[in-house]
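Only one structure is covered here, and it is reproduced in the block below.
These numbers come from a predicted model, not from an experiment.
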Amino acid sequence: MGCLFACALQRAGLGVTLLSREHGAQVSVLLDANGCRQQLTFPSSRPEDAAPISHMLVTTKAYDVHAAVASVAHRLDACSQVVLLANGLGYADSLYRSFPHVDFYLGATTEGAFRVRPFHVRHAGRGFTRIGRPGQAEPPQWFRSWSQAVHPGGWDSEIQRTLWLKLALNCAINPLTALHRCRNGELARPPLAGQVLQLCGEIAPVCTAEGFPIGAEALHQQVREVVEATAANQSSMLQDVLAGRQTEADYITGYLLAAARRHGLHAPLNEALLANLREHGRTVPDH
Ligand code: PAF
């Protein structure tokens, strides 16, 4: 995803440097999009370099966000603007505490991209990218250049609501697909369709208690629409499990459950799925 955005920003004429531990002065990125292949070259910088960073986009897995920012902490100052584009919620909390002088922004994207191999990315589906900052109604100045490069998309004055709704969808879809090793479309059929319904009944009250009201029926309807639209896709969590990678479950279902506990709400199926993922994340469950 980072390569996709880097290409879009560079093509719009913005100066983009890739942060990379492993490369020399330049990195070439191969981008397959709309049946065309393009090669773009970027200057590269190692995290330990000294040059200050004015604007940074972080597109790591949720569990790597803190370490990614911390690795360049010496290059960030009170003018640094950092956009975090990761799945789930909760990855920013420790950053606000550790780096109170840095301006952090949050984002959500439905762009579809996958890595063919390192620095070779395929743009698989056009999406929409929202950027915002809790409590900030108007975009900052840099957002004008960003939005000329990254479209469709826009400033989201209610980014927290957007991220909670995305979290709710991810909680209803990703763990089931990861545990059952199935594509999203399987969730529209029994027996998993019943579990989706039950999950929505647990998730919606937590969203509502957090200040983002949604009924279980309305959430279920949205989940069904996403399942239908992405029926042939493997969810990001299933891809992680199949690749033997750590999943982002702690930042998705884990975050939801922490909020549920704060509000005294029960979410037993979500609890069971998280426990199951932690135990069997890398093996096929026997149910
Ligand atoms: O995480 C994902 O894979 C996606 O956001 C979605 C659409 C919920 C499942 O494919």
Side-chain angles (χ1 to χ4, degrees), residues 1-77 79-87 91 95 102-131 139-155 236 239-240 243 245:
M1 200 56 86
C3 285
L4 184 72
F5 282 95
C7 291
L9 293 164
Q10 194 190 69
R11 280 196 310 229
L14 299 170
V16 180
T17 297
L18 292 190
L19 279 164
S20 165
R21 281 184 200 291
E22 291 132 40
H23 284 78
Q26 290 199 324
V27 176
S28 277
V29 172
L30 212 52
L31 173 69
D32 293 334
N34 310 318
C36 298
R37 177 166 288 184
Q38 218 185 344
Q39 184 157 22
L40 292 102
T41 302
F42 298 87
S44 146
S45 162
R46 291 173 193 273
E48 59 271 24
D49 290 350
I53 295 175
S54 60
H55 300 82
M56 180 165 78
L57 172 64
V58 181
T59 58
T60 63
K61 292 283 178 188
Y63 47 78
D64 284 332
V65 168
H66 188 100
V69 175
S71 73
V72 294
H74 61 288
R75 303 172 65 174
L76 302 173
D77 59 26
C79 298
S80 300
Q81 313 279 299
V82 177
V83 177
L84 309 173
L85 200 59
N87 283 329
Y91 47 80
L95 292 176
V102 174
D103 284 342
F104 289 105
Y105 298 83
L106 304 176
T109 186
T110 54
E111 289 287 357
F114 66 90
R115 191 168 69 154
V116 180
R117 61 183 71 85
F119 300 106
H120 180 180
V121 64
R122 183 161 299 146
H123 191 187
R126 201 86 197 273
F128 197 91
T129 303
R130 296 177 162 80
I131 304 292
Q141 238 185 337
W142 58 261
F143 190 75
R144 182 188 284 262
S145 312
W146 167 279
S147 58
Q148 279 161 8
V150 177
H151 42 78
W155 179 254
S236 52
Q239 290 177 39
D240 287 341
R245 284 190 296 262

- prompt: If you round to the nearest 0.5 Å, how far is OG1 of Thr109 from CG of Leu4?
  reply: 8.0 Å
task: Mind checking side chain to side chain donor-acceptor pair (under 3.5 Å) for Ser20 and listing every partner two or more places apart, or none if nothing turns up?
output: His23
statement: Residues passing the side-chain contact (heavy atoms from CB on, under 4.5 Å) test with Gln239, sequence neighbours excluded, are Gln234, Arg245
- request: Not counting sequence neighbours, which residues clear side-chain contact (heavy atoms from CB on, under 4.5 Å) with Ser145? List them please.
  value: Leu14
- request: Go through the structure and list residues passing side-chain contact (heavy atoms from CB on, under 4.5 Å) with Ser147, not counting sequence neighbours.
  value: Phe143
query: Of all residues at least two apart in sequence or in a different chain, which pass the side-chain contact (heavy atoms from CB on, under 4.5 Å) check with Ala33?
result: Leu31, His123
task: Taking side chain to side chain donor-acceptor pair (under 3.5 Å) as the test, write out the residues that go with Arg11, two or more places apart.
output: Gln38
- request: Can you tell me which residue pairs pass the side-chain hydrogen bond (donor to acceptor under 3.5 Å, both in side chains) test with a partner in residues 47-57, sequence neighbours excluded?
  value: Ser45-Asp49
field: Any Ile53 side-chain heavy atom under 4.5 Å of Leu19 side chain
entry: yes
field: Partners meeting side chain to side chain donor-acceptor pair (under 3.5 Å) with Arg122 (sequence neighbours left out)
entry: Asp32
field: Aromatic ring proximity, centroids under 6.0 angstrom, Tyr105 and Trp146
entry: no
- prompt: Are Phe119 and Ser28 side-chain neighbours, meaning at least one heavy-atom pair lies under 4.5 Å?
  reply: no
statement: Sequence neighbours excluded, the answer for salt bridge (charged side-chain N to carboxylate O under 4.0 Å, His left out) partners of Asp103 is Arg133
Identify every side-chain donor-acceptor pair in residues 62-73 under 3.5 Å, counting partners at least two apart or on other chains, and give the distances.
from, atom 1, to, atom 2, distance (Å)
Tyr63, OH, Gln246, O, 2.9
His66, ND1, Ser94, OG, 2.7
Ser71, OG, Ala68, O, 2.7

- line: Applying salt bridge (charged side-chain N to carboxylate O under 4.0 Å, His left out) to Arg130 and not counting sequence neighbours gives Asp156
message: Do Leu30 and Gln39 make a side-chain contact, defined as non-hydrogen atoms from C-beta onward lying under 4.5 Å apart?
response: yes
query: Of all residues at least two apart in sequence or in a different chain, which pass the side chain to side chain donor-acceptor pair (under 3.5 Å) check with Tyr91?
result: none
- prompt: With a 4.5 Å heavy-atom cut-off, do Pro152 and Arg126 have their side chains touching?
  reply: yes
message: Between Arg46 and Arg21 (side chain of the first, backbone of the second, donor and acceptor by atom type, cut-off under 3.5 Å), is there such a pair?
response: yes
